[in-house]
Amino acid sequence: MAVEIEQPSVRLSRVAVSETHGEDSPYFAGWKAYDENPYDELSNPSGVIQMGLAENQVSFDLLEEYLEQHSEVASWGKKVSGFRENALFQDYHGLLSFRKAMASFMGEVREGRASFDPDRIVLTAGATAANELLTFILANPGDALLVPTPYYPGFDRDLRWRTGVKIVPIHCDSSNNFQVTAEALEAAYRSAEAMSVKVSAVLITNPSNPLGITIDRPVLDEILNFVGRKNIHLVSDEIYSGSVFSSGEFVSVAEVLQSRDFKDAERVHIVYSLSKDLGLPGFRVGTIYSYNDAVVNTARRMSSFTLISSQTQQLLAAMLSDDEFTKNYVRTNRERLRKRYEKIILGLRNGGIECLKGNAGLFCWMNLKPLLENATRESELKLWKSILNEAKLNISPGSSCHCSEPGWFRVCFANMSEKTLEVALKRIHNLMENTKISLHNVISF
Amino acid sequence: MTQARTPATQSDDDTNQPTTSGSGGVTTAMRVIVPLQGVVQGRGGLVLGSLIPCALFYFLQLYLKRHRPSSATPPPTPPTAVAAEVSSPSALHRVHSRSVISPRGAHVSSRGNSIARQSDGPVDIGLRKVSEDPYDSATNPDGVIQLGLAENRLSLDLVRDWLAENAMNSIVAGDLSIERIATYQPFHGLMELKVAVAGFMSQVMKRSVSFNPSQIILTAGATPALEMLAFCLADVGNAFLVPSPYYPDLDRDVKWRTGVEIIPIPCRSADGFSLNAIALDRAFTQAKKRGLKVRGIIISNPSNPVGNLFNREILYNLLDFATEKNIHIISNEILAGSTHGGEQFVSLAEITDSEDFDRNRLHIVYSLSKDLCLPGSGVGVIYSFNDNVLAAAKKMARFSSISVPTQHLLISMLSDTVFIEKFIQTTRERLGRMYAKFVAGLKQLGIECIKSSGGFYCWVDMSGFIRSYSEKGELELWDKLLNIAKINVTPGSSCHCIEPGWFRCCFTMLTEEDIPVVIERIRKVSETCKSHS
């Protein structure tokens, strides 16, 4: 975003003109292509299919049904006292009823293996805000967070842009299915030290975006031991914890802490949101759950910058306290996501494409290494462009997720109808066919 | 890209952290330097008051750098360190030694700490007292009466009635599918809401000016709107000039996470607390001397806490000044709809319509919570004439975006122009009545207020009742008012007023019947104060 300033003109800040918002990467460029030519089954069947947006639309009907049956919760006017409570002063504590409901839902999503205290819940307008807020609290400008690669492209902006904090990658690769290792942690820490940069925290996403896998328990133990040794914080972004395909496969850091009797827990903070698991990104609901009192208090005050409207809190408080609804939703959503996942995996496999074996999330991590001219970022981007321009599919290249191994792509499958998914798979098949033909021609020469 | 700090400042922060092994030495140093700074400032002015502690600190850093132990565990911070920060230059501003959060725990950033410590000023204490023992005319007549929150309850009944009749239809039924309310929408607000807000702003300002929806960024409240502008217009260590007294939360909104400073432009009762051109110029020059780059001026119009309006002449002077110094102007107009006197409100937007100024330096902040009695819905507005600011703010909006269902509800409400017109009018009438009654009541006690044409409060002169003409005296009176009279008012010192004895009293959380109760309570306390002096 080059800023052409005519003289004399009033200046903007470095933050305002910096590129750290990251919106010039291919991750966002693909979105632009989609915006300009969006696929529609009827009106624009040759448009770009959006597979770069991790949004969950598979369980909309359940939400719709709930809202229809409980329309009074969507409004304010049920009781006069309820109205006053909701309309008036925006207290950054948030509605107690909503925090209770969130705590209960978070426990539900972890199948009762962990419980949450409503007084440790701080509300923010989305996980985006939660991650930024925690970064402001845990790190000074110039400090660093260690983040395993590949990671969600938005982190470059959310964690760094206004905070002035750096990200130092913890490199992971396919040799062990991209799991974090003790060596990788130490190597990342050392490279920060070499740059004279102070490390404030490790930030993990579990289940992982873009990998679509849960972190193994021994790895969580390793990470917890590591942050303890270095006397730093751990942020666990668990926004996909309700999007695990099979019950029992997700281990939250909360569970591990519980099994350790919460020893040394004050360095751990969990980020959650309703945007992915509940398919409600438009509601802008995120939370910080911290085991550290000072962080809770500070985060609460800081949440003045990112409040959730009382009306939304009230509506969700009712919905999430409805055990019947939440139990059914979590179970059904999981089922449907798993089915979608299996469908896309099968479809890709039939086209000769393999993916990382995933068990969670709204996307799969696709391996297109065999199609690369060279094992380089440039080749990957070239391939990405041709998929966008020829197959008209917007998928996310691994390099925009800072993956050190070229050739991987994140493909979202939950933000569309099944029919659209089928169309997308067909286009991939066609692309593979054409590629094979051209490869064949090259080889036979 | 990232805000890389210069090596000097980086080591400032690194080595300013007293370590356990050296804690004795450094904490002692702090205990020496901080009072020293105060003493020197008192007599030698800002320059000496800064130079000497600066010099001491540089020597200290050199010492620490050479003797820094390998593992740093943070020791306790003497509380005075934070208090001193308010008047020290930016180099020392970052002396928040990392304090102990948990005994051996990982430390938290200086940003995190600075707020953890500032929790017990009069504003917070007052709010706490009210929440513990809130006044209710029927059920708790001896409770603490809230006059410390600039919140408008006068027309809550109108809003409640509208919602009871319309709310359900506006969100769930009709043509609003789940896709439209649940999915990702532009973070800077639905265009429909921007259009509705633009119309409302114009309505509230009596159609003196019209607003372009494409110049609007919507945020979850005025607080993030102000912070976003601070992020866009100033770098870490830069400053904004702000006429004082100003409302307490502005410090948080503009300074906390941005690392930007506020330099007050003191306004005086002799001028009716309106902005004086000489004071403005002096403040700018002083900032320069302190090595602080001023990036803009932030005004609130109507002003909070004083309640006066900026007239055309002052606004033109401001524009001239901003042009001459090549800086921005932010006009916080969130109380524009709460004018109740005869004086006419003039928006910054109106001025620019008719003159040939560089609009790139002009930005307005607005909010629906004050004028629409709906703080719970948190809608803030950035209105800028600068495309680059709009572009940056659009991207920042993702951190404070408004719930989509709430946006739809507001679209519905704001589009009901008949209701809105009636609402604005009724609110104005009620405000005017309450203001007149409150001022009259105070006058009976011999207490004067600054004549106000807007806002939810009176800026009250109680300097006649304070024992010593100082901040200490003022806070003693504030304490009496809170704990004996059991009314929570905001002391002028919390608003950075340089003249002691002024208090902000919000009357919009009261009913007309409550006013005599408040006056009576003040009378009792004022009598004990009079008998002292």
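Atom set for the values below is all heavy atoms of this structure, side chains included, hydrogens, waters and symmetry mates excluded. Please read all numbers here as calculations on a predicted model, not as lab measurements. Within every chain, numbering begins at 1; the chains are lettered A, B, ... in the order of the sequence lines, protein sequences first and strands thereafter.
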**Study point:** Choice from B/Gly380, B/Pro224, B/Ala225 maximising heavy atom contacts with chain A below 4.5 Å
**Key:** B/Pro224
Review point. What pair of heavy atoms forms the shortest contact from B/Ala182 to A/Phe283, and how long is it?
Key: CA-CE1, 4.2 Å
Check your understanding: Given that the side chain runs from C-beta out, which part of B/Ile402 has a heavy atom under 4.5 Å from chain A: side chain, backbone, both or neither?
Key -> backbone
Review point. Can you tell me how far the CZ atom of A/Arg284 sits from the OH atom of B/Tyr184, to the nearest 0.5 Å?
Key: 6.0 Å
Check your understanding: In Å, rounded to the nearest 0.5 Å, how long is the span from CD of A/Glu132 to CE of B/Met396?
Key -> 8.5 Å
Point to revise | Polar side-chain atom of B/Ser400 near backbone of A/Thr306 as donor-acceptor pair, under 3.5 Å | key: no
Exercise for review: Could you tell me whether a side-chain N or O of A/Ser13 sits under 3.5 Å from a main-chain N or O of B/Asp235, the two making a donor and an acceptor?
Suggested key: no
Point to revise | Value rounded to 0.5 Å, distance of CD in A/Gln313 from OG1 in B/Thr406 | key: 9.5 Å
Point to revise | Distance, nearest 0.5 Å, that separates CE of A/Met302 from OG1 of B/Thr223 | key: 13.5 Å
Point to revise | Heavy-atom proximity to chain B below 4.5 Å, by part of A/Thr124 | key: neither
Check your understanding: A/Leu133 and B/Arg257: side-chain contact (heavy atoms from CB on, under 4.5 Å), yes or no, with the steps?
Key -> CA-CA 10 Å; A/Leu133 206 146; B/Arg257 309 192 298 181; 4.1 Å; yes
Practice item. Side chain from CB out, backbone as N, CA, C, O: work out which of these in B/Lys325 comes under 4.5 Å of a heavy atom of chain A, or both, or neither. Key: neither
Exercise for review: Let me know if A/Leu278 has heavy atoms under 4.5 Å from chain B in its side chain, its backbone, both or neither.
Suggested key: neither
**Study point:** Flag side-chain contact, heavy atom, 4.5 Å: A/Arg14 against B/Val236
**Key:** no
Review point. A/Phe305 versus B/Asp253: any side-chain heavy-atom pair under 4.5 Å?
Key: yes
Exercise for review: Enter the distance from B/Asp249:CG to A/Ser304:OG here, rounded to the nearest 0.5 Å.
Suggested key: 7.0 Å
Review point. Can you check side-chain contact (heavy atoms from CB on, under 4.5 Å) on A/Gln311 and B/Ser403, steps first, answer last?
Key: CA-CA 9 Å; A/Gln311 178 223 7; B/Ser403 258; 5.8 Å; no
Review point. How far apart are the C-alpha atoms of A/Leu12 and B/Asn386, what are their side-chain angles, what is the distance that settles it, and do they pass the side-chain contact (heavy atoms from CB on, under 4.5 Å) test?
Key: CA-CA 10 Å; A/Leu12 298 191; B/Asn386 185 320; 4.0 Å; yes
Exercise for review: Output the distance between atom CG (A/Leu53) and atom OG1 (B/Thr183), rounded to the nearest 0.5 Å.
Suggested key: 9.0 Å
Review point. What part of A/Asp158 lies closer than 4.5 angstrom to a heavy atom of chain B: side chain, backbone, both or neither?
Key: both
**Study point:** Contacting region of B/Ile327 [heavy-atom separation from chain A under 4.5 Å]
**Key:** backbone
Review point. Can you check side-chain contact (heavy atoms from CB on, under 4.5 Å) on B/Arg398 and A/Arg157, steps first, answer last?
Key: CA-CA 10 Å; B/Arg398 65 186 50 252; A/Arg157 169 199 58 216; 3.1 Å; yes
Point to revise | Distance-minimising heavy-atom pair for A/Gly282 and B/Pro405 | key: O-CD, 4.2 Å
